[in-house]
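Presented below is the structure to which this report refers.
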Amino acid sequence: VTHNEAIVEKYIRAASALLDLPIRAEDWQGVLAAAVDLESRAKLLMEFALPIDIAAEPRFVP
Amino acid sequence: VSATHCSAVELAAAVRARRISAVEVLTDHVVRIEAFDCTINSFTDKTFAMARSQAAAIDEKVTAGINPGPLAGVPIAVKNLIDVAGLATRAGSKIRRTAAPAEVNAPVLARLMEAGAVLLGTLNMDEFASGFLTDNIHNGLTRNPRNASYIAGGSSGGSAAAVAAGFAVLTLGSDTNGSIRVPAALCGVFGLKPSYGRIDRTGVFPFVDSLDHVGAFARSAADLTLAYDLMQDSDKAFPSLQQRINATHVAVLDGWFEQNGSAEILGAVDRVAAGLGATQRVTLPEAHRAHAGASCITAFEGGQLHKQRLRTQPQDYDPATRRRLIAGALQPAEVIHQAQRFRYWFREQARQLFERFDILLAPATPCVAPFVGQETMIVDGQHAPVRSSLGLYTQPISFIGLPTVCVPVTGDGVLPRGVQIVTAPGREALGLAAAFQLERDGVISAPVAVL
């Protein structure tokens, strides 16, 4: 388990409890793998410096 | 020539002219489905009895001198998430098997039926449209009609396979991250993902509200255009189908859109570019982050949609779907906020490209259809899951809702390859005209598969 995976695991356990979305034992490794994958994608977004005036509008229009 | 090998335009003209009856057209298709869908597994519901009544009604109209419409007697089918009156809209799931039957057809389907189409049934898909494989734990795997050892792609795999196999002339599907373009590419048929919001999604079971599109599959650009014109009122592409494409306004997307592409896939893009006379290459910046953003938003919105069911009926989901949805639902809000902000930035990058170019070309998939059972493919030099990697090139495009025609490069003894013809929002007609030109010039084609 990498340091990053350990952090994601901690987060998923806490979020699951906080949001009342239980994870069954047989799903745990699969959920964790999916969460680690999402975290790696999220990193690409979070590290990108967007201009401050760009807002996240609730409804997307192309 | 069997009716199963004709285009919608040809069939409707023949039915209107009484050269063939709608019932005969239907019978030819039903015989082919019954003979071969046991191998392909594209249908989830067959509504043949209803179809016979519809075809008979078309023939009665013709006999009475009434024009049944531009799709007179044309057999169609729809993805399992589009409402069909009298059927439960299952969206490829077990959970919705007990849903109340739809009271009316979804408007997008109703429009085609009003134009004279005959509905054959509903088509297989990944559970809740989550995936690129159409390997459905409840309904089975849909195989590729070009070679049954390969997958059809997904999530609208049944829709692409049914058209490629000659089971239906037109089909409807949905595309959130590539679910029309990926199976169209792998099965070697035309696929249209219109601009986000162009087609009414009423009566279409959602996956990711901010990314879901409804579109169509066909074996010719003209048929696809006809379907597009009938699915909505705000744009009519058929009258401009024969416009000549200005080669100086066409460019091939490089960077992300050529990384990880196999030689045969990149060769197909070059072939389409040459067919349109395009010589320029251009970069859509940060497409890899758009791919990441689409993945995060998809997982989050999909997870939110299913959160309550994941609490009360987790056992009724495909375990793989369930795990992805749970992980998606638990993502931090900060990530989704940033993904939505990035989306606006990325849209602006595309808008700037469309000030210089009318058409952007890109591969639809990194490779031809993977084998049935193949779990990984090589991405960035490493093994990556096929399930999530087939959308590498489609996700950045649908992330910002751009209309795209996926065109089939077939022949040469290899499996089909799909190329995305991407245009600015609202300019579907131009993409369809480019597809028409390429087809007329023999660059692309979608023959009925030999089964």
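The chains referred to below are lettered A, B, ... by the order of the sequence lines, with proteins before strands, and numbering in each begins at 1. Side chains are part of it too, since the values below use all heavy atoms of this structure and drop only hydrogens, waters and symmetry mates.
- Heavy atoms of B:Ala339 lying under 4.5 Å from chain A belong to its backbone as well as its side chain.
- The minimum heavy-atom distance linking A:Leu45 with B:Gln338 is given by the pair O-NE2, 3.0 Å.
- The local environment of CD in B:Glu375 is sparse, with at most 12 non-hydrogen atoms from other residues, nucleotides or ligands closer than 6.0 Å.
- Contact check for B:Pro314 versus A:Arg24: side-chain heavy atoms found under the 4.5 Å cut-off.
- The heavy-atom pair separating A:Pro22 from B:Ile326 by the smallest distance is O-CD1, 4.2 Å.
- Contact annotation for A:Asp37: neither backbone nor side-chain heavy atoms come within less than 4.5 Å of a heavy atom of chain B.
- Looking only at heavy-atom pairs under 4.5 Å with chain A, the residue among B:Ala424, B:Ser295, B:Gly197, B:Gly303 that has the most is B:Ser295.
- Atom CD of B:Glu334 is surrounded by 12 or fewer heavy atoms from other residues, nucleotides or ligands within 6.0 Å.
- Interface residue B:Glu286: only side-chain heavy atoms are found under 4.5 Å from chain A.
- Contact annotation for A:Ser40: neither backbone nor side-chain heavy atoms come within less than 4.5 Å of a heavy atom of chain B.
- Between chain B and the options A:Met46, A:Glu26, A:Glu47, heavy-atom pairs under 4.5 Å are most frequent for A:Met46.
- B:His291 places a side-chain heavy atom less than 4.5 Å from the side chain of A:Arg41.
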Test side chain to side chain contact (heavy atoms under 4.5 Å, CB included) on B:Gln331 and A:Glu39; report intermediate values, then the result.
CA-CA 8 Å; B:Gln331 285 179 98; A:Glu39 195 276 338; over 6 Å; no

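- Your options are A:Leu18, A:Ile23, A:Val8, A:Leu50, and the one with the most heavy-atom pairs under 4.5 Å with chain B is A:Leu50.
- Closest heavy-atom contact between B:Arg311 and A:Leu19: NH2-O, 2.8 Å.
- The two residues B:Cys296 and A:Leu38 make their nearest non-hydrogen contact at SG-O, 4.0 Å.
- Looking at B:Ala329, the atoms closer than 4.5 Å to chain A (heavy atoms on both sides) sit in the backbone and in the side chain alike.
- For the set B:Leu211, B:Leu330, B:Leu310, B:Ile336, the count of heavy-atom pairs under 4.5 angstrom toward chain A peaks at B:Leu330.
- B:His306 contributes atom NE2, which lies 12.5 Å from atom CG of A:Leu21 (distance to the nearest 0.5 angstrom).
- For B:Pro332 against A:Tyr11, the heavy-atom pair with the smallest separation is N-OH, 3.1 Å.
- Considering every non-hydrogen atom in both B:Arg341 and A:Ile54, the closest pair reads NE-O, 2.6 Å.
- When heavy atoms are compared at a cutoff of 4.5 Å, B:Arg322 approaches chain A solely by way of its side chain, counted from C-beta outward.
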